[in-house]
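Here's the structure, in structure tokens; my notes come after.
Chain letters run A, B, ... following the sequence lines, proteins first, then strands; residues in each count from 1. Small disclaimer: the values here were computed from a predicted structure and weren't measured.
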Protein chains: 2
Amino acid sequence: MGLTGMDRTDDSLIALRRILRATELFGKELASAAGLSPVQFRVLQLVAEKGLTTPKGLSVQMGVTQGTVTALLDKLQRQGMVSRERSEVDRRQMNIAVTEKGRETLANAPDPLQQRYVRKFEALEDWEQAQLIASLERVAAMLDADEMDASPVLDVGELKGRPA
Amino acid sequence: MGLTGMDRTDDSLIALRRILRATELFGKELASAAGLSPVQFRVLQLVAEKGLTTPKGLSVQMGVTQGTVTALLDKLQRQGMVSRERSEVDRRQMNIAVTEKGRETLANAPDPLQQRYVRKFEALEDWEQAQLIASLERVAAMLDADEMDASPVLDVGELKGRPA
DNA sequence: TGGAGTTATTTTGATTGGCGAAGCAACAAG
DNA sequence: CTTGTTGCTTCGCCAATCAAAATAACTCCA
């Protein structure tokens, strides 16, 4: 059986792996460019996106334990990237916010992955963009949606409220 | 500016992140199912794919240093998953091969990500599959191809020899 | 032959990310 | 006020990673 079924599946998996690999490598690039580790950078981004979060929120979003988040925040705080303040409404909680320095770091750290991708994506024809989005969302759905706990995490996706 | 340009880019990035996240989580699942860490599993897979490799080859393929690979192979070897033998032709090199146990482990470790994905992918209409592949490859190209060192890594992709 | 330089691997000594369990403080419900 | 729950931190541990140094083997040139 020549170019049918299985081969196509392979092709799609290969493309997927390429995507995964590219993003992984760029993550490292990014990290060192910003003077933060990939994970630290990600935390900083999440905090910035939210404006204000809690360790708990981050741990759920990132799928790691709270202890891990604490450690990461320790480092970010030591570097002056985020601030930690006890919440007034519920004093068990800590409010995490980005500092000015953190914001600058984010602003000055060009995310090579996104920048390159964004540039190219925006150069595409309208219908191509639409097509790509449809495909990516479809793949994403095949990977996570059903059959899974529907994820504690979607966050970004939820903000945008995808259909399905 | 309503639903144009930027929003689309966002949508595509969100889908991308969803894909990334799903694979990351499944990696962990997989790992524990197989009794190996995600990275160890990946190494084992790579070795199996190649049939015979060297630490150097693996380090390039994975984008990590050789020291790291050595450590990983130590563990896999201790668990009887791979064998290390000095190469006859160049005795600086070590030949890494999967053992029977390693092969079994791979066979019995259901890759939930791939399985789920594969099942769904194969259920798609022909034209849908083609469309998805085209889109994924396009995205992959936008992420890695040009502008980058053309990557030391493609490996799987090279086996299949994609065009472009 | 015999260096000099290069390449493949391992070793060593860090750091980071991650987990689980234990501990502590604050809230919630009786 | 007790009991249970929740949010966070601490602690001890392990895996993954790196950079740099040490070894060993190869290559090449004179």
Look at [X] and [N] and indicate whether a side-chain polar atom (N or O) is within less than 4.0 Å of OP1 or OP2.
| X | N | result |
| --- | --- | --- |
| Thr68(B) | dC18(D) | yes |
| Thr65(B) | dC18(D) | yes |
| Gln40(B) | dA16(D) | yes |
| Lys75(B) | dC14(D) | no |

Categorize Arg42(B) for me: base, sugar-phosphate, or nothing, with a 4.0 angstrom heavy-atom threshold over every strand shown.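 Nothing, no nucleic acid heavy atom in range.
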
With a 4.0 Å cut-off on heavy atoms, is Thr54(A) in touch with a base, just the backbone sugar-phosphate, or nothing at all?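 It contacts sugar-phosphate atoms only.
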
side-chain contact (heavy atoms from CB on, under 4.5 Å), paired with Met62(A), selected from Val64(A), Val60(A), Thr65(A):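 Of all the options given, the one that passes is Val64(A).
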
Are there more than 12 heavy atoms of other residues, nucleotides or ligands under 6.0 Å from atom CD of Glu85(B)?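 No.
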
What closest approach, in Å, do Ser135(A) and Ser135(B) show between heavy atoms, and which atom pair accounts for it?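 Taking Ser135(A) first and Ser135(B) second, the nearest heavy atoms are OG-OG, 2.8 Å.
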
For Gln40(A) against Leu76(A), the heavy-atom pair lying closest together: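 In terms of heavy atoms, the two residues are closest at O-CD1, 3.8 Å.
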
So if I define the base as every atom that isn't primed, P, OP1 or OP2, how would nucleotides 22-30 of chain C read as a B/S/- string at a heavy-atom cutoff under 4.0 Å? ----BS---

If each of Asp74(B) and Gly67(A) is mapped to the nucleotide of DNA chain C with the nearest heavy atom, which maps nearer the 5' terminus, i.e. the 5' end?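 Counting from the 5' end, the first nearest nucleotide belongs to Asp74(B).
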
Do Glu104(B) and Lys101(B) sit within salt-bridge range, that is, some charged N less than 4.0 Å from a carboxylate O?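 Between Lys101(B) and Glu104(B) there is no salt bridge, as every charged N stays at least 4.0 Å from the carboxylate O atoms.
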
